[in-house]
Number of protein chains: 2
Amino acid sequence: MAESATSKVSEAPRTAVGRDGVLDIAARLFREQGYGTVSLRKIAEAAGIKAGSIYYHFGSKDEIVAAVLDVGIHVVHENMRQAVSALPKDTGAETILRAAIGAHLRALLDLSDYTSANVRIFGQVPQSVRDANLPTRRAYEAEWDTLLSRLQDEGALRGDVDIRRLRLMLIGALNATLDWFDPGRGSAEALSRTYADVFLNGILERQDT
Amino acid sequence: MAESATSKVSEAPRTAVGRDGVLDIAARLFREQGYGTVSLRKIAEAAGIKAGSIYYHFGSKDEIVAAVLDVGIHVVHENMRQAVSALPKDTGAETILRAAIGAHLRALLDLSDYTSANVRIFGQVPQSVRDANLPTRRAYEAEWDTLLSRLQDEGALRGDVDIRRLRLMLIGALNATLDWFDPGRGSAEALSRTYADVFLNGILERQDT
DNA sequence: ACGCCTAACTAACAGTTGTTAGGTTGTTGC
DNA sequence: GCAACAACCTAACAACTGTTAGTTAGGCGT
């Protein structure tokens with residue numbers, strides 16, 4: 001045969017997609033289309049490989065989606081933790097809350113397909129996968145509860161709503177933005193400010209000035 | 001689990017399930033398990049009939065889910081509209097908003113599998129089905145926008161947030177309760193009050209009495 | 001030059017999906 | 001008693017699902 005060294009290099013993308021590449025694409029598809037309608041063949045096609053090849057990197061579809069879910073929480077957790085701990089020690093409650101809200105919203109809407117995929121598909125995945133993601137989730141929830149409790153003990157937060165419910169309301173409201181947020185219509189930053197305004201002070205017009 | 005109605009449990013359900021019966025069960029399953037994982041055979045089995053029989057009542061799976069989505073919005077829309085219009089004419093802004101929030105939350109958490117199914121599966125359904133549901137949706141959204149605009153014009157609502165965003169935030173936050181609300185842990189009524197408190201006045205502790 | 005490792009491929013499997021065509025009931029009107 | 005109809009059933013279809021087994025191809029260290 002003729003020289004094989006140079007003749008065939010042009011066609012196929014010889015750079016391996018790899019485990020991380022598959023995971024990235026899976027996260028994106030899950031975020032865009034949900035869990036049930038995204039098949040391994042769709043993921044494979046988007047990655048430029050064949051369905052069977054995925055099993056070199058993952059043992060099952062559950063394993064893929066479990067990995068996506070875990071990474072999603074880790075990203076938003078780390079983002080929120082750093083945003084809060086980067087503030088000076090004497091920062092006021094309002095500023096702290098604004099930072100936490102902003103960090104969560106940024107991870108969700110700007111930063112990570114993994115985080116947005118988590119929020120979108122958590123309710124659609126098999127229960128075993130959900131259970132596997134629960135510890136990671138609870139760690140992030142605990143981070144919020146700790147923060148909110150501290151502020152409530154300081155007297156900065158109203159005392160008539162228990163922390164768990166407050167956290168569920170807050171994160172639930174932020175996550176809901178995923179259903180309608182359009183980056184072409186406004187920035188996540190601006191949205192973050194509005195959410196903080198409303199959550200901190202309410203939507204009623206106040207008489208005091 | 002399914003037998004409940006008559007004392008005559010002998011063999012076959014003499015009473016026809018009918019179109020409405022299938023739709024009821026579809027709504028419940030969609031709410032519980034999402035769109036993609038609920039097959040026609042699951043619906044049929046839960047209804048006590050065979051999969052093929054569904055096609056006597058509906059032309060396709062899309063037709064079923066489209067019907068569920070439409071009913072879901074109609075229920076919550078009617079519920080909210082009546083709750084607000086039942087109030088005396090001189091009712092204050094705060095009371096009106098509390099009534100609207102309560103009506104939405106009640107339809108979602110207590111009243112209707114159709115409404116909760118709509119919220120849960122809207123993002124998972126084929127785009128053609130979503131598009132078919134859009135007009136119904138927009139009518140409900142317009143109801144909210146009208147209400148919020150009126151209150152804002154009266155000076156009862158803060159003026160620095162535009163109505164569309166305010167509505168998206170509000171309904172999004174309420175709908176998010178579906179992911180964690182547990183009827184055994186608290187009533188929808190109590191939850192409704194908390195949501196109104198927080199949304200109207202914010203979560204910060206205030207100095208004024 | 002050799003063997004190993006990584007990353008892919010092909011081809012098939014058993015099961016499930018939405019859907020269709022044609023057949024079988026039970027009830028009702030006449 | 002018979003026809004008409006509504007509500008269901010049976011059986012199959014093509015397409016798609018996750019998954020497995022066995023194979024191939026290139027790069028690296030020795």
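By convention in this document, chain letters (A, B, ...) are assigned in the order of the sequence lines, proteins followed by strands, and residues within each chain are numbered from 1. When reading the values below, keep in mind they use all heavy atoms of this one structure, side chains included, and skip hydrogens, waters and symmetry mates.
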For nucleotides 12-15 of chain C, print each protein N/O atom paired with a nucleotide N/O atom at under 3.5 Å, atom names and distance only.
residue : atom : partner : partner atom : Å
C/dA12  : N6   : A/Arg41 : NH2          : 3.4

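Each side chain to side chain donor-acceptor pair (under 3.5 Å) pair with one or both residues in residues 54-65 of chain B, not counting sequence neighbours, would appear here, but there are none.
Look at CD1 on A/Ile64: it is 14 Å from P on D/dT17, rounded to the nearest Å. Summarising the geometry, the separation between CG on A/Leu40 and P on D/dT19 is reported as 6 Å, rounded to the nearest angstrom. One can place CD of B/Glu45 at 11 Å from P of C/dT17, the figure rounded to the nearest angstrom. Regarding A/Tyr35, its OH atom lies at a distance of 11 Å from the C1' atom of D/dT17, rounded to whole Å. One interatomic measurement links the two molecules: CG of B/Asp20 to C1' of D/dA7, which rounds to 14 Å at whole-angstrom precision.
Between B/Asp113 and B/Arg28 there is no salt bridge, since no side-chain N of the basic residue sits under 4.0 Å from a carboxylate O of the acidic one. Taking 4.0 Å as the cut-off between side-chain N and carboxylate O, A/Arg167 and A/Glu141 count as a salt-bridged pair. The residues B/Arg158 and B/Asp160 are annotated as salt-bridged, a charged nitrogen and a carboxylate oxygen being separated by less than 4.0 angstrom.
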Show me the side-chain donor-acceptor pairs of residues 33-46 of chain A shorter than 3.5 Å, one per line, residues at least two apart or across chains.
residue : atom : partner : partner atom : Å
A/Thr37 : OG1  : A/Gln33 : O            : 2.7
A/Ser39 : OG   : A/Lys42 : N            : 3.3
A/Lys42 : NZ   : A/Thr37 : O            : 2.7

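Every residue two or more places apart in sequence or in another chain that forms a side chain to side chain donor-acceptor pair (under 3.5 Å) with B/Glu189 is listed here: B/Arg106. For A/Arg193, there are no salt bridge (charged side-chain N to carboxylate O under 4.0 Å, His left out) partners two or more places apart in sequence or in a different chain.
Residue B/Ile49 is the one, among B/Ile49 and A/Ser60, whose nearest nucleotide of DNA chain D lies closer to the 5' end (criterion: closest heavy atom).
Aromatic ring centres of A/His104 and A/Tyr140: separated by under 6.0 Å.
Of the residues in residues 50-58 of chain A, those lying under 4.0 Å from DNA chain D by heavy-atom distance are A/Gly52, A/Tyr55.
Of the side-chain N and O atoms in A/Ser39, none sit less than 4.0 angstrom from OP1 or OP2 of D/dC16.
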